[in-house]
Amino acid sequence: MVDLSVTIGNVRFKNPIILASGTCGFGRELEQYIDFCSVGALSSKGLTLRPRQGNDGCRVAETPSGMLNSVGLQNPGVRYFVENDLQFMASLPTGVIVNVAGHSTEDYVEAVRFLEPHREFIDAIELNLSCPNVKEGCMVIGASPEALFQLVSLVRKETTLPLWVKLTPNVTDISLTALAAQRAGADAVVAINTLLGMAIDVKTRRPILNNNTGGLSGPCIKPVALRMVEACASVLDIPVIGCGGISTGEDVLAFMIAGASAVQIGTSTLIHPSACETITEEVVALAEDLNISSISEIVGTLNLWR
Amino acid sequence: MVDLSVTIGNVRFKNPIILASGTCGFGRELEQYIDFCSVGALSSKGLTLRPRQGNDGCRVAETPSGMLNSVGLQNPGVRYFVENDLQFMASLPTGVIVNVAGHSTEDYVEAVRFLEPHREFIDAIELNLSCPNVKEGCMVIGASPEALFQLVSLVRKETTLPLWVKLTPNVTDISLTALAAQRAGADAVVAINTLLGMAIDVKTRRPILNNNTGGLSGPCIKPVALRMVEACASVLDIPVIGCGGISTGEDVLAFMIAGASAVQIGTSTLIHPSACETITEEVVALAEDLNISSISEIVGTLNLWR
Amino acid sequence: MAKEYTVTLKESIRVNPSTHFLSFYCPEIALNALPGQFVAISSNQFLKRPFGIAQVDKDKGTFSIGVRIVKDGTRYLATSPIGTEFEVMGPLGNGFSIEKDRPLLLVGGGTGVFPLRFLQSYAQEHSIPFYSVNGFRCVDDACFIDGERNSNCIVATDAGDFGVKGNVLDALEMIPFDMIRGSTVCTVGPEIMMKHVASWAESKGLTCYVSLEKRMACGIGVCLVCTCKTKSDKEPGYENKRCCKDGPVFLSAEVIW
Amino acid sequence: MAKEYTVTLKESIRVNPSTHFLSFYCPEIALNALPGQFVAISSNQFLKRPFGIAQVDKDKGTFSIGVRIVKDGTRYLATSPIGTEFEVMGPLGNGFSIEKDRPLLLVGGGTGVFPLRFLQSYAQEHSIPFYSVNGFRCVDDACFIDGERNSNCIVATDAGDFGVKGNVLDALEMIPFDMIRGSTVCTVGPEIMMKHVASWAESKGLTCYVSLEKRMACGIGVCLVCTCKTKSDKEPGYENKRCCKDGPVFLSAEVIW
Ligand SMILES: Cc1cc2nc3c(=O)[nH]c(=O)nc-3n(C[C@H](O)[C@H](O)[C@H](O)COP(=O)(O)OP(=O)(O)OC[C@H]3O[C@@H](n4cnc5c(N)ncnc54)[C@H](O)[C@@H]3O)c2cc1C
Ligand SMILES: Cc1cc2nc3c(=O)[nH]c(=O)nc-3n(C[C@H](O)[C@H](O)[C@H](O)COP(=O)(O)OP(=O)(O)OC[C@H]3O[C@@H](n4cnc5c(N)ncnc54)[C@H](O)[C@@H]3O)c2cc1C
Ligand SMILES: Cc1cc2nc3c(=O)[nH]c(=O)nc-3n(C[C@H](O)[C@H](O)[C@H](O)COP(=O)(O)O)c2cc1C
Ligand SMILES: Cc1cc2nc3c(=O)[nH]c(=O)nc-3n(C[C@H](O)[C@H](O)[C@H](O)COP(=O)(O)O)c2cc1C
Ligand code: FES
Ligand code: FES
């Protein structure tokens, strides 16, 4: 039997499959569809200091092999989360990642400070510096290595929890933001969040999303994500967590070979709530086929052509 | 009957459908599949000053709703092109765009200088500043507004032909490179070329493409392309030519509504050699449905949500 | 307890030029579905498509949906041959809350008649008195109109080529109020129609439930793409609720149109 | 003159556990195809899949291909029911150049036997003498071996569970050279096998044609993704030729392996 366990920084996960933020809520709704024993961790919906109702109107558009979303960080706020959802997440037989977002540096700092007393229930904090769906902050900070460095450095002072930084793909060179995160003290980077995109209704001549643009996710972005994971892994000393369009066990292996120590599954869960369980099974079968005894041994073994 | 004609700068095309560079050769092979009367123009395979054999080994990988290519600008060079292919292209009942690429500024300048005496056969020169598949030059220049401005300014001096600049999507903010092209005297920008991506063979643990990375094209990139066309059109005074994942008449209308004065069709031709003809028919049918009497009247009529 | 199932198309009936009535074999859904709930069904597109459950046959183990052809996904469903397999999740959503001692006034527009059909069967089964009003653009757009010429059903068409000429509001005004006093109104159809029906019901002091249609992805409440605005005392004065999980049925008084 | 056609699957025969022989109705391709040419056929994937034409029946208007299941595209083809429609482009590529006064030595490996099958029928039709050698990994991997126990056909299996034990080169060495003197060698199969067959043929002074398999997109010569390296006097000492248009058949002497 393949050993699926992986270690990110100091934290051990029973397998490398993580439910991506925003595609699994806080775990409640998925309980009837998956056995949480089959996933390594769950990343909460992005939380902000104060509750947010998100964007108005239409928030989703289907695209070829993918979708655009413009939820705009609807969430109950960190306080409500800690009082109502964190215990539940911690009771699940899986790792707990808390995804944090904000408009300004202070938002991030205060939200993380608020979470710190509850550290015993949390395995890592994931800073979402890449949400394309809020007007200020977030992706703007995440696209600038300097702004990102500043923000992560400040947040770093607030917590002793493992700190993951989720990167935006909407940049010229992702290795620069990845390096900035590492310099600022991040314990891992997550690559990638969604690609900025648009869909138009030709009858009304309006964008389908009321936010005009949205974040593109799903299999369509996989080649871009894989290239960016490789780009990050080749310059970083800290682990990379791969994300973007993963829908099969073979995809998981490809991302790990490219340098990901673990992976996150987002849109696939929206298509099949039990996707992560199926994918874990496929990873096991494929690893056995390929004579891999411990999954972590393949991380970063990509043999580039010269 | 809908009036399909469009004008880019001073040049009138009988319809807005252009065969994208690298997906139609110099037109010869497509003659038996399409009636060139049904397309507005044809953009040649990217030409360099000297002949190039392109990249070794595997150059294509299939991806969800798209493909990666790493041809690496295989082409016979401008001289051979002028002597052997230009006349043929000019004999077709359609517009002639000559796509030019290079490693260094001098390559571009000299290639364009070489083409200048043959200007009577050419409707526009398209500078490919966005090919992700050659090790130096091209995309590196194309990703930097300053480098792009310099190159386009120099090329601008060499020709009185309409000059189109083809932009790379692999940047943080495409409006900056678009504006640089405009300031340097470009007559139009073409958005977008391919997204940088990777595919991995998990058995061999090697990239499928011998060039390691390749350019992603096809319907999967359409939402990104549409967003970038809108971003360019909203800041530019010169026309934008839309490209990226277009496969239906409805797609053409969406790009034009977003601000494209014309569109290019690439990968769709590789799936169906007669794609452009079908797409033109769909544009006509849809325009009639929507009571559009002249296609150019819809350009840039997108009504954003506020 | 919704689950994912692979189901087989058993029957496909064309009910009008653009609408098909499809039945699938899936005993679990047939057994558990409540009126107002929906299924999400694979087509040959990326996302599953949501459809209100229109009928269940617990004995045969089938459930049915009415599908109006809009674009590629619905066209694929409507043209699939018997025997085609689909992935289905369901039953999803909350369904109508039905008090068995109150009569029902069912107001459907277009494909809204399908989910109401299930509610009507439920009312018949549980001997709940009901009155039904359905509106269509024209006779070619109408469904289930053959058996409907009885006293407690009115059909209206905008074109006037079948039943009453006018929309459902015109038809509602024709019903003597005594017949529907104390009824609970349940309406499914275009948003603008439901909004008018709701304000009509509110003006008459009737409780009204509406079933909202929003674009969805997960269908189970995890992704928050399908929200609708509802009234709330809390900041910022409204709450975005999930149509797929908190709905699709909402009290009209709750909805911010 | 290749064109795009919509064709219907007429017959699907399982020839071994992982290989199916599929016949499609398309009179134009049946009429125009030459041995060594191929078709590009839609599966449920993004790009069409290339397959060597294995047989044509001009009377019935059908052409056939042998499909070995590799991954999703070939699995879809091999498991499609009769009547399924496909989009096909063909006949594509150059085909073998056959001099009718020279005997043929056909050397196939794995699925390479399919395109050679068409060449063999052509030889029979035109009374061109031929000798055929086919290699497989094992009997479960083999195709067309039932009728092949005659004097001018050898089958070899690596596992030795059918025919000669060994690879095609072992089998080639067994043929008395007199029998194949002056033959044109045509080989289709794994690249490494063709490379060895080519150097064997060259060492014997025989002209050898190889059929290269490269990943393709357009199949008609416009995209340049399917190139193979060939010898050239011009700078830089080689030329990348298009497998789909300049090939798939190349003179072995031309190829840089
Ligand atoms: C709860 C619910 C119940 C429904 N019940 C019925 C029913 O009983 N009968 C019926 O004919 N239709 C019903 N619909 C609408 C039906 O889901 C859409 O018509 C269908 O999804 C269109 O798919 P398409 O591929 O043809 O169109 P496209 O426009 O190509 O679809 C593109 C995307 O938009 C979504 N979409 C398009 N129109 C709608 C819509 N009106 N509502 C929600 N999403 C939409 C699709 O699901 C898909 O994700 C219901 C919708 C919801 C939300
Ligand atoms: C000219 C030519 C003739 C061929 N003739 C035959 C034949 O007669 N019988 C047969 O069984 N197979 C033949 N092949 C190989 C066949 O095309 C592949 O096995 C098939 O495309 C694999 O598809 P897939 O979806 O199962 O695999 P995947 O690996 O999922 O395919 C992914 C991509 O890689 C390409 N690809 C994968 N393997 C090959 C390959 N070996 N050659 C070229 N492209 C490949 C696919 O076309 C697709 O674009 C031929 C290939 C070529 C180029
Ligand atoms: C509906 C939706 C909501 C999302 N919300 C968040 C979020 O709150 N925080 C975050 O960091 N990422 C969010 N994401 C991004 C995903 O976590 C993931 O990075 C992205 O979708 C790419 O992965 P995928 O292709 O597997 O979905 C969201 C994605 C989707 C589709
Ligand atoms: C095989 C291939 C070769 C290409 N070669 C060139 C080229 O030589 N010059 C160029 O400017 N763009 C080239 N492109 C990019 C296309 O012209 C187009 O910008 C891109 O593919 C996006 O459009 P599409 O999704 O419609 O294909 C090439 C694309 C493909 C798929
Ligand atoms: S569709 Fe995902 S929450 Fe409703
Ligand atoms: S596949 Fe396009 S040139 Fe050969």
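Here is how names work: the chains are called A, B, and so on, in the same order as the sequence lines, proteins then strands, and each is numbered from 1. These numbers come from a predicted model, not from an experiment.
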Determine the option with the most heavy-atom pairs under 4.5 angstrom with chain A, choosing from [options].
options: Ala61(B), Pro219(B), Gly57(B); result: Pro219(B)
options: Asp201(B), Val229(B), Thr63(B), Asn210(B); result: Asn210(B)
options: Leu209(B), Ile221(B), Leu226(B); result: Leu226(B)

Region of [X] in contact with chain B, defined by heavy-atom distances below 4.5 Å:
X: Ile174(A); value: neither
X: Ala199(A); value: backbone
X: Leu290(A); value: side chain

Tell me, out of [options], who's got the most heavy-atom pairs with chain B below 4.5 Å.
options: Thr172(A), Asp289(A), Val171(A); result: Thr172(A)
options: Val202(A), Asn212(A), Ile200(A), Leu253(A); result: Asn212(A)
options: Gly218(A), Ser247(A), Pro207(A); result: Pro207(A)

*Might you point out which heavy atoms bring Ser65(B) and Ser65(A) nearest each other, and give the distance in Å?*
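Minimum heavy-atom separation between Ser65(B) and Ser65(A): OG-OG, 2.6 Å.
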
Quiz: residues 256-268 of chain B side-chain donor-acceptor pairs under 3.5 angstrom, not counting sequence neighbours:
| from | atom 1 | to | atom 2 | distance (Å) |
| --- | --- | --- | --- | --- |
| Gln264(B) | NE2 | Glu126(B) | OE2 | 2.8 |
| Thr267(B) | OG1 | Ser217(B) | OG | 2.6 |
| Ser268(B) | OG | Ile246(B) | O | 2.8 |

*Leu68(A) vs Arg227(B) side-chain heavy atoms within contact, under 4.5 Å*: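 No, every pair of side-chain atoms sits at 4.5 Å or beyond.
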
_Tell me if the CD atom of Glu282(A) is crowded by more than 12 foreign heavy atoms within 6.0 Å._
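Above 12, so yes.
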
*Name the one of Asn170(B), Val224(B), Leu216(B) that satisfies side chain to side chain contact (heavy atoms under 4.5 Å, CB included) with Val224(A)?*
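Looking at Asn170(B), Val224(B), Leu216(B), the match for Val224(A) under the side chain to side chain contact (heavy atoms under 4.5 Å, CB included) is Leu216(B).
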
*Is there any residue in residues 297-306 of chain A with a non-hydrogen atom under 4.5 Å from a non-hydrogen atom of chain B, and which ones are they?*
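Heavy-atom contacts from residues 297-306 of chain A to chain B are Ile298(A), Thr301(A), Leu302(A), Asn303(A), Leu304(A), Trp305(A).
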
